[in-house]
Visitor: 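To start, I am sharing the structure in question, which I have written as structure tokens.
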Amino acid sequence: MRALTWQGRREVRVETVPDPRIEQPDDVIIRVTSTGICGSDLHLYEVLGPFLDPGDILGHEAMGIVVETGPEVNALSVGDRVVIPFNVSCGTCFMCSQGLHSQCETTQVREYGSGAALFGYTKLYGQVPGGQAEYVRVPFGNQLPIKVPEGPADDRFVYLSDVLPTAWQAFDYAAVPPGGSLTVLGLGPIGAMATRIAQHRGAGLVIGVDLVDERLERAAAHGVTCLDLRRHEKDLLEAVRELTDGRGTDAVIDAVGMEAHGNPMTKAAQWGTSLLPDALARPFMEKAGIDRLSALYTAIDVVRRGGTVSVSGVYGGALDPLPLLRMFDKQIQLRMGQANVWRWVPDILPLLTDTDLLGVDSFATHHLPLEQAPEAYAAFQAKQDGMIKTLLRP
């Protein structure tokens, strides 16, 4: 089959690789019909190379058709249409029963002290072959795949793999009171969807912050009050307070993560680490790695006293410093973590079945064949061609 493989920093390639096969009696094989490029995929493209091997298959936002089932699979049949959650969760352990599928005890990567394994996302999360491919093996075939109805195009359902549950959890964790205010830092796929979910779930004022014209224009078209970071980089706090009676918003979602705009010295350190041999870079990142934290620091500043900061952007640093004095003084609540996909499926799927309440049908800005994935990664990383969300079609 053809699959997108990691080859090195800023180098991915579509190659012919062996087809996946049934390995466990409850495995299923999926023929992928749509697979997304996620903002967190760019962390693999740019920063997390020490935890990847050349040839690793990327991608964790896939859906498709069941083409083969193991002998113990009874919940699915060949021909069923399914979405694949990005976290590999068994659905039956203690953590899964608590709705914490991203902490699944069956697939935790204990070698690195990590939570549940993830499709296509480094040794830190199990080095599981990903879904930017023609076929993918999916374990826990009776619990993990999300069966979806025939009819609407893939765009209606594919975001159940990651974007929708991640944005839904980010808003849920933000604990915005009815009619309350929210700032979303970063209007990429997760941030943009979080603004739409916030509006759907009853937030009053929704402020979006970014520095890319296309992202700002798109969010503004959906009724978001947008602030251009290029204009407000030094007075963003004042700009938000002017909109909120001088307080700041009730909550802030950091949808940016480790590669935030700003802090050139940390950026240089990240890039330098990514160029070291893996034997040197890996322990350094595990023990002393730091992130660009400007987005998180901004969230702590912008949220009102007694408010909540919800972090959905991926961070990977081991020694990230936090302004605990300021956080304690402001009485900030802080919630974060990988989305627990299946925890939110019952809430989200009804919004997709009969109508398109969240605008998912037109959410993708680009549809490209899998063979053009390397060019798509490069354009997405460079924020070119108005690319916000790309779906690949094998």
Side-chain angles (χ1 to χ4, degrees), residues 20 24 26-41 57-66 69 73 75-76 80-93 95-109 114-122 124-133 135-149 154-170 172 189-190 193 197 312 314 337-353 358 360 391-392:
Q24 299 296 328
D26 62 346
D27 285 350
V28 296
I29 304 297
I30 307 298
R31 176 176 61 82
V32 177
T33 54
S34 290
T35 181
I37 299 177
C38 180
S40 63
D41 287 331
I57 300 173
L58 304 184
H60 58 268
E61 296 186 355
M63 69 173 292
I65 306 298
V66 177
T69 64
V73 175
L76 293 174
D80 284 344
R81 188 186 195 196
V82 296
V83 175
I84 307 167
F86 75 93
N87 33 44
V88 184
S89 57
C90 72
T92 58
C93 70
M95 287 295 178
C96 288
S97 70
Q98 301 299 304
L100 295 170
H101 300 84
S102 68
Q103 309 302 322
C104 175
E105 290 179 323
T106 305
T107 71
Q108 283 177 14
V109 185
S114 302
L118 308 177
F119 285 100
Y121 214 81
T122 79
L124 291 170
Y125 290 99
Q127 208 169 20
V128 181
Q132 289 170 357
Y135 296 90
V136 62
R137 180 184 73 89
V138 179
F140 310 113
N142 291 315
Q143 290 86 23
L144 184 57
I146 304 166
K147 188 175 179 180
V148 296
D154 282 5
D155 292 48
R156 179 70 62 88
F157 300 113
V158 67
Y159 304 114
L160 277 171
S161 60
D162 182 354
V163 173
L164 281 166
T166 297
W168 194 279
Q169 179 172 295
D172 198 84
I190 301 301
M193 186 58 73
I197 289 169
S312 63
V314 175
Q338 300 277 9
N340 306 296
V341 174
W342 259 109
R343 164 67 180 83
W344 309 111
V345 168
D347 296 313
I348 301 169
L349 189 54
L351 304 179
L352 309 175
T353 305
L358 299 174
V360 294
L391 294 179
L392 302 172

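Note that this is a predicted model, so its numbers are computed, not measured.
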Visitor: Can you confirm whether His101 sits close enough to Cys96 that some side-chain heavy atom of one is under 4.5 Å from a side-chain heavy atom of the other?
Guide: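 SC-SC contact between His101 and Cys96 confirmed.
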
Visitor: Which atom names give the shortest non-hydrogen contact between Cys93 and Thr106, and what distance separates them?
Guide: CB-OG1, 3.9 Å

Visitor: So Phe119 and Val138, do their side chains get closer than 4.5 Å, heavy atoms only?
Guide: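 Yes. Closest side-chain heavy atoms under 4.5 Å.
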
Visitor: Less than 4.5 Å apart, any side-chain heavy atom of Pro165 and any of Asn340?
Guide: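 No; the side chains remain at least 4.5 Å from each other.
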
Visitor: Return the CG to CD1 distance between Leu160 and Ile146, rounded to the nearest 0.5 Å.
Guide: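 Output value for this atom pair is 5.0 Å.
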
Visitor: Between Phe157 and Val360, does a side-chain contact (heavy atoms from CB on, under 4.5 Å) hold up when you go through it step by step?
Guide: CA-CA 8 Å; Phe157 300 113; Val360 294; over 6 Å; no

Visitor: Taking the side chain as every heavy atom from C-beta outward, state whether Tyr159 and Leu391 have any atom pair closer than 4.5 Å.
Guide: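 Heavy-atom side-chain distance check passes, below 4.5 Å.
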
Visitor: Under 4.5 Å between any side-chain heavy atoms of Tyr125 and Val88, yes or no?
Guide: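 No, too far: nothing below the 4.5 Å cut-off.
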
Visitor: Of all the heavy-atom pairs spanning Pro85 and Val83, show the shortest one and how long it is.
Guide: CD-O, 3.4 Å

Visitor: Could you grab the distance from atom CG of Leu352 to atom CG of Leu358, nearest 0.5 Å is fine?
Guide: 6.5 Å

Visitor: If you take all heavy atoms of Asp162 and Cys38, which pair is closest and at what distance?
Guide: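 Shortest heavy-atom separation between Asp162 and Cys38 comes out as OD2-SG, 3.6 Å.
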
Visitor: Is a donor on one side and an acceptor on the other found under 3.5 Å between the side chain of Ser114 and the backbone of Leu124?
Guide: yes

Visitor: For residues Ala339 and Thr166, report the shortest heavy-atom separation together with the two atoms involved.
Guide: CB-OG1, 3.4 Å

Visitor: Report the C-alpha distance between Met193 and Val163 in whole Å, list the side-chain angles of each, state the deciding distance to 0.1 Å, and finish with yes or no for side-chain contact (heavy atoms from CB on, under 4.5 Å).
Guide: CA-CA 7 Å; Met193 186 58 73; Val163 173; 3.9 Å; yes

Visitor: When rounded to the nearest 0.5 angstrom, what distance separates NE2 in His60 from OG1 in Thr35?
Guide: 9.0 Å

Visitor: Tell me the closest heavy-atom pair linking Gly126 and Val109, and the distance in Å.
Guide: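 Gly126 and Val109 have their closest heavy atoms at N-CG2, 3.4 Å.
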
Visitor: Rounded at 0.5 Å granularity, tell me how far CD in Gln108 sits from OG in Ser102.
Guide: 9.5 Å

Visitor: Is any side-chain heavy atom of Asn142 less than 4.5 Å from a side-chain heavy atom of Leu76?
Guide: no

Visitor: Would you say that Pro145 contacts Ile84 through its side chain, given a criterion of any heavy-atom pair below 4.5 Å between the two side chains?
Guide: no

Visitor: Donor-acceptor check, side chain of Trp342 to backbone of Gln143, threshold 3.5 angstrom: yes or no?
Guide: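 The answer is yes, because a donor-acceptor pair under 3.5 Å joins these two groups.
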
Visitor: Closest approach of Asp27 and Pro139, non-hydrogen atoms and distance?
Guide: OD1-CA, 3.4 Å

Visitor: Less than 4.5 Å apart, any side-chain heavy atom of Asp154 and any of Arg81?
Guide: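 Result yes, sub-4.5 Å side-chain heavy-atom pair found.
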
Visitor: For Gln338, is there any backbone N or O sitting under 3.5 Å from a side-chain donor or acceptor partner on Gln169?
Guide: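 Here the side-chain-to-backbone pair exists.
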
Visitor: So how far is it from Leu164 CG to Leu351 CG, rounded to the nearest 0.5 Å?
Guide: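 So the gap between those two atoms works out to 8.5 Å.
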
Visitor: If you measure from CZ on Arg156 to OG on Ser34, what distance do you get to the nearest 0.5 Å?
Guide: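 Here the rounded value is 13.5 Å.
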
Visitor: Backbone N or O of Ala117 within a donor-acceptor pair of the Thr107 side chain at under 3.5 Å?
Guide: yes

Visitor: Keeping the roles fixed (side chain from Gln132, backbone from Ile57), state whether a donor-acceptor pair exists under 3.5 Å.
Guide: no

Visitor: Has the side chain of Tyr121 got a donor or acceptor atom that lies under 3.5 Å from a matching backbone atom of Ser40?
Guide: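 Indeed, once roles are kept as given, a pair shorter than 3.5 Å links the two residues.
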
